Amino acid sequence: MLAIIGGTGLTQLDNLKITKRLIVRTPYGEPSQPLIFGEIADREVIFLARHGRGHTIPPHEVNYRANISALHLHGVTEIAAVATVGGISADLSAGKLVIPHQIIDYTYARKSTFHDGIGQPVKHIDFTEPYCPNLRAKWKRAAEAISEKVIDYGVYAATQGPRLETAAEIIRLERDGATVVGMTGMPEAALARELGISYAAICPVANYAAGKGDNLHAIHYEEIIANLNLTMERVRNIIAELVKQNGFNPDVVPVNTQCG
Ligand code: HPA
């Protein structure tokens with residue numbers, strides 16, 4: 001079963017025919033909102049808004065473990081995530097869509113593993129390729145099927161937030177090799193991997209990162225929201241296509257265990 005996790009600017013899927021809303025309790029607490037079960041083009045999908053229905057949960061307070069655990073408990077094997085970012089590379093202006101292939105994690109003090117219970121054996125997951133290549137290919141194929149251009153590589157810097165970065169921090173991230181910056185990519189991706197769930201994200205660029213492009217001296221939050229309003233309709237259409245294609249396209253290699 002496929003799940004969509006929506007981020008800033010995507011707290012609901014207008015084109016989802018909702019069949020059920022389910023409050024789920026997990027050993028890690030409650031997810032950000034009840035799981036929304038529904039259908040797009042007769043294909044089942046679960047939707048979850050990472051920041052809650054009213055967008056009230058900041059990135060560092062999202063209960064990522066409860067979110068991923070709840071989806072896992074309900075049979076989710078693939079998570080297609082939407083995560084808004086700032087563009088670090090000069091070509092990544094607002095409105096661009098990036099499917100990153102790598103992550104650098106700068107977050108701290110987040111509960112970032114399921115393997116830290118008392119008496120639990122230590123476990124180290126492989127995370128060489130943090131995003132599932134097959135699911136990244138599905139995102140790309142879905143976008144291209146509706147003539148949306150995507151940049152199908154990128155290094156996602158996950159920052160702690162909730163504040164935006166300083167210009168010097170962005171220069172540092174750039175030096176590290178990051179091309180986009182966001183606050184929610186981790187530990188979400190790693191937790192999905194721990195539970196064997198394939199995970200890949202599409203990242204709508206909402207603004208140039210601090211000190212970049214036209215944001216030399218400041219980033220205005222209203223600018224982020226205005227840009228996202230313009231972009232999310234396109235993302236919704238890509239999601240609809242992704243759900244529609246999922247499981248039907250013989251060219252798409254079935255998800256292999258390496259993704260999970
Ligand atoms: N930095 C971090 N997260 C973001 C940004 C940004 O510039 N824009 C949207 N999410």
Side-chain angles (χ1 to χ4, degrees), residues 4-11 32 48-52 54-62 64 67 80-110 112 130-131 139 150-151 153-190 199-236 238-239:
I4 309 291
I5 296 184
T8 303
L10 193 74
T11 50
S32 302
L48 173 63
R50 184 189 289 120
H51 300 285
H55 200 272
T56 51
I57 310 171
H60 63 295
E61 300 218 320
V62 170
Y64 295 95
N67 285 352
V82 180
T84 298
V85 293
I88 298 177
S89 304
D91 59 327
L92 296 181
S93 52
K96 295 280 172 70
L97 298 171
V98 179
I99 301 171
H101 68 292
Q102 276 296 335
I103 299 177
I104 304 177
D105 187 7
Y106 300 92
T107 65
Y108 48 88
R110 298 183 181 189
S112 57
Y131 297 107
W139 265 127
V150 288
I151 294 116
Y153 57 89
V155 178
Y156 180 107
T159 54
Q160 177 69 0
R163 66 167 176 82
L164 294 164
E165 300 72 33
T166 66
E169 285 168 338
I170 293 299
I171 291 169
R172 172 193 169 206
L173 301 188
E174 187 172 35
R175 224 185 293 123
D176 286 353
T179 59
V180 293
V181 56
M183 301 175 191
T184 55
M186 286 293 285
E188 198 171 86
Y199 180 99
I202 195 164
C203 298
V205 178
N207 55 281
Y208 269 121
K212 294 288 179 188
D214 46 6
N215 285 337
L216 267 190
H217 299 294
I219 299 174
H220 301 286
Y221 191 66
E222 306 77 52
E223 171 205 339
I224 294 184
I225 298 303
N227 286 333
L228 284 179
N229 287 340
L230 291 176
T231 311
M232 280 307 170
E233 195 49 37
R234 292 162 50 210
V235 173
R236 279 195 190 91
I238 297 171
I239 290 171

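A quick note: this is a predicted structure, and the numbers were derived from the prediction, not measured. Both counts, for ligands and for their atoms, begin at 1 and track the order of listing.
Of all the heavy atoms of L164, the ones lying under 4.0 Å from any atom of ligand 1 belong exclusively to the side chain. When non-hydrogen atoms are compared, ligand 1 lies under 4.0 Å from neither the backbone nor the side chain of T8.
Once rounded to the nearest 0.5 Å, the distance linking CH2 of W139 with CD1 of I202 reads 5.0 Å. Rounding to the nearest 0.5 Å gives a distance of 4.0 Å between CD of E188 and CD1 of I5. Considering CZ of R110 and CD of E61, their distance stands at 10.0 Å, rounded to 0.5 Å. Between I170 atom CD1 and E165 atom CD the span is 4.0 Å, to the nearest 0.5 Å.
Polar contact with ligand 1: present for N207 (N/O pair, distance under 3.5 Å).
We find that R236 and E233 are joined by a salt bridge, their nearest charged nitrogen and carboxylate oxygen being less than 4.0 Å apart.
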As a quick check of understanding, evaluate side chain to side chain donor-acceptor pair (under 3.5 Å) for T8 and H55, giving each step before the final call. CA-CA 7 Å; T8 303; H55 200 272; 3.1 Å; yes
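Which parts of ligand 1 touch E165 is read off a 4.0 Å heavy-atom cut-off, strictly below it: atoms 1 (N), 2 (C), 6 (C), 7 (O). Near G86, meaning under 4.0 Å from any of its heavy atoms, are these atoms of ligand 1: 4 (C), 5 (C), 6 (C), 7 (O), 8 (N), 9 (C).
Taking each of T159, V85, I219 in turn, the one with a heavy atom nearest to atom 9 (C) of ligand 1 proves to be V85.
Closest to atom 4 (C) of ligand 1, if we only count protein heavy atoms, is V181 O, 3.6 Å. Protein heavy atom nearest atom 10 (N) of ligand 1, with residue, atom name and distance: T84 O, 3.5 Å.
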